[in-house]
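To start, the structure under review is shown below, and the notes come after it.
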Amino acid sequence: LTGDAKYAEKAAGVLRAWFVAPETRMNPNLNHAQFVPGINEGSRTGIIRGNTIVELIDCARLIEDSGAWKPEDKTAWLAWLGDFAKWLAESEMGVAESKALNNHGTWYDAQVATFALEGGNEALAREIVSDAADKRIAKQIKPDGKQPLELARTKSWDYSVMNLDAMVRLAMLGKRLDID
C-alpha cells in the first residue's frame with residue numbers, strides 16, 4: 001500500500017512465522033480456543049476467533065507481488081488454510097459449532113467456506129455456501145429484518161453486525177462460486 005518494501009517484508013515474516021515455518025507455525029486447529037484453566041481444555045465457541053484469519057487472506061494477497069512473499073510461502077499458506085478447513089469440518093469441536101444457530105454458526109460457515117475455497121476444496125465451499133440461504137439467512141433473519149437470536153443477547157448490536165458481516169462474506173463467496 002505504501003510502496004515501501006519493508007512493510008511487505010515484515011508482513012511476510014509474520015505470516016511465515018504463524019502459518020508457514022514448521023518450527024513456529026500454528027497448528028491448523030483451534031483445539032484450545034477459549035481455554036479456561038481448571039474448567040476446560042478449549043471450547044467450540046472459541047472457533048469464532050478464527051474469523052480474524054479470514055482477514056489475513058487479503059493481507060497475503062496484498063504482498064504477493066512484493067517479492068517478500070515467495071511462491072513456496074503462498075503454497076504452504078494455502079495448504080494450511082485447507083488443513084484448517086478440514087479440521088473445522090471434521091473435528092468434534094467444529095461439528096458442534098456448525099450447529100450453532102446464531103452468529104457463531106454463520107461465522108463457522110464463513111470460515112469453512114473461505115478456507116476450503118482458498119485451500120483447494122471447492123466442493124466443500126460450494127456445499128456450505130449453497131446451504132447458507134436456508135440454514136442461516138432464513139432461520140436467523142425475520143421478514144422485518146430483526147435477528148431475534150442476536151437481539152436476545154447482551155451485546156445485541158455487536159452480535160447482529162457480526163452475523164451480518166458473516167452473511168455478507170458468504171454472499172461474496174457465493175458470487176465467486178456463481179451461487180445465489
Side-chain angles (χ1 to χ4, degrees), residues 18-19 25-60 77-78 80-177 179-180:
W18 276 94
F19 302 101
R25 79 179 193 141
M26 176 181 158
N27 290 322
N29 65 61
L30 291 173
N31 286 330
H32 304 291
Q34 292 190 349
F35 166 80
V36 180
I39 304 293
N40 66 38
E41 294 294 316
S43 169
R44 69 157 178 89
T45 58
I47 287 175
I48 199 167
R49 297 295 162 219
N51 66 2
T52 57
I53 299 170
V54 171
E55 304 291 338
L56 296 177
I57 292 168
D58 287 338
C59 297
W77 161 243
L78 295 178
W80 189 95
L81 292 173
D83 290 344
F84 189 42
K86 182 177 170 129
W87 177 84
L88 285 166
E90 296 176 3
S91 70
E92 185 177 318
M93 283 176 66
V95 170
E97 188 69 347
S98 76
K99 296 174 184 170
L101 301 176
N102 60 10
N103 73 83
H104 279 261
T106 311
W107 266 110
Y108 169 87
D109 285 355
Q111 287 182 67
V112 174
T114 299
F115 303 143
L117 186 58
E118 295 297 322
N121 189 346
E122 186 175 315
L124 178 57
R126 283 185 169 286
E127 178 185 333
I128 298 286
V129 173
S130 293
D131 291 346
D134 292 331
K135 184 178 179 183
R136 301 296 177 199
I137 298 169
K139 291 184 178 177
Q140 293 183 33
I141 300 180
K142 298 299 177 195
D144 64 1
K146 290 180 182 171
Q147 298 177 63
L149 295 170
E150 306 307 337
L151 293 175
R153 298 180 72 194
T154 57
K155 298 184 339 182
S156 58
W157 169 260
D158 291 339
Y159 294 128
S160 295
V161 171
M162 283 177 67
N163 199 36
L164 290 174
D165 184 14
M167 287 183 183
V168 168
R169 289 177 183 280
L170 286 165
M172 291 168 49
L173 289 168
K175 187 173 182 178
R176 280 178 64 187
L177 295 165
I179 298 170
D180 183 359

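Everything quoted here is computed from the prediction, not taken from an experiment.
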**Asked** Hey, is the main chain of Asn29 close enough, under 3.5 Å, to the side chain of Asn27 for a donor-acceptor pair?
**Response** no

**Complete:** Rounded to the nearest 0.5 Å, the CG atom of Leu88 sits from the CD atom of Glu97 at a distance of 9.5 Å

**Prompt:** Are Leu124 and Leu117 close enough that some pair of their side-chain heavy atoms sits under 4.5 Å apart?
**Reply:** no

**Prompt:** So does Met26 have more than 12 non-hydrogen atoms from other groups sitting under 6.0 Å from CE?
**Reply:** yes

**Asked** Can you tell me how far the OG atom of Ser130 sits from the CG atom of Leu173, to the nearest 0.5 Å?
**Response** 11.5 Å

**Request:** Quick one: which residue pairs count as a ring pair (Phe, Tyr, Trp, His ring centres under 6.0 Å) with a foot in residues 112-147, not counting sequence neighbours?
**Result:** Phe84-Phe115

**Message:** For a quick test of reading the model, state the closest non-hydrogen atom pair linking Arg136 to Gly105 and the distance between them.
**Reply:** NH2-O, 3.1 Å

**Prompt:** Does Arg153 count as lying over the ring of Tyr159, i.e. NZ or CZ under 6.0 Å from the six-ring centre, within 45 degrees of the axis?
**Reply:** yes

**Request:** Quickly, which of Asn103, Thr106, Asn102 forms a side chain to side chain donor-acceptor pair (under 3.5 Å) with Asn163? Name it, please.
**Result:** Thr106

**Prompt:** Atom CZ of Arg44 and atom CG of Asn40: how far apart are they, to the nearest 0.5 Å?
**Reply:** 12.0 Å

**Message:** With a 4.0 Å cut-off on N to O distance, would you call Lys135 and Glu127 a salt bridge?
**Reply:** no

**Prompt:** Say you draw a straight line from OG of Ser91 to CG of Asn31; how long is it, rounded to the nearest 0.5 Å?
**Reply:** 7.0 Å

**Prompt:** Counting N and O atoms only, with roles assigned by atom type, does the side chain of Ser156 sit under 3.5 Å from a partner on the main chain of Ala152, one being a donor and the other an acceptor?
**Reply:** no

**Heavy-atom pair of closest approach, residues Met167 and Ile141** = SD-CD1, 3.5 Å

**Asked** What is the distance from atom CD1 of Ile128 to atom CG of Leu170, rounded to the nearest 0.5 Å?
**Response** 8.5 Å

**Glu41 side chain reached by Phe35 side chain, heavy atoms, under 4.5 Å** = yes

**Message:** What I'd like to find out is whether the side chain of Arg126 reaches to under 4.5 Å of the side chain of Ile179, using heavy atoms alone.
**Reply:** yes

**Asked** Between Ala166 and Ala110, which heavy-atom pair has the shortest distance, and what is it?
**Response** O-CB, 4.0 Å

**Prompt:** Looking at Ala116 and Ala85, what are the two nearest heavy atoms and their distance?
**Reply:** N-CB, 3.5 Å

**Asked** So, does Glu150 use its side chain to make a donor-acceptor pair with the main chain of Asp158 at under 3.5 Å?
**Response** no

**Request:** Say whether, by atom type as modelled, one donor and one acceptor occur between the side chain of His32 and the main chain of Gly42 under 3.5 angstrom.
**Result:** no

**Prompt:** salt bridge (charged side-chain N to carboxylate O under 4.0 Å, His left out): which pairs involve residues 163-173, sequence neighbours left out?
**Reply:** Glu55-Arg169, Asp165-Arg169

**Message:** Can you confirm whether Thr114 sits close enough to Leu81 that some side-chain heavy atom of one is under 4.5 Å from a side-chain heavy atom of the other?
**Reply:** no

**Request:** Taking all non-hydrogen atoms of both residues into account, name the closest pair between Gln140 and Leu149 and its distance.
**Result:** CG-CD1, 4.4 Å

**Gln111 to Val54 - nearest heavy-atom pair and separation** = CG-CG2, 4.2 Å

**Asked** Hey, is the main chain of Leu78 close enough, under 3.5 Å, to the side chain of Glu118 for a donor-acceptor pair?
**Response** no

**Request:** Tell me, with the steps shown, if Trp107 and Met162 meet side chain to side chain contact (heavy atoms under 4.5 Å, CB included).
**Result:** CA-CA 8 Å; Trp107 266 110; Met162 283 177 67; 4.1 Å; yes

**Exceeds 12 heavy-atom contacts within 6.0 angstrom, atom CG of Asp180** = no

**Asked** Between Tyr108 (side chain) and Val95 (backbone), is there a donor-acceptor pair under 3.5 Å?
**Response** no

**Request:** Report the relative orientation of the aromatic rings in Trp77 and Trp80; use parallel for angles under 30°, tilted for 30 to 60°, perpendicular for over 60°.
**Result:** parallel

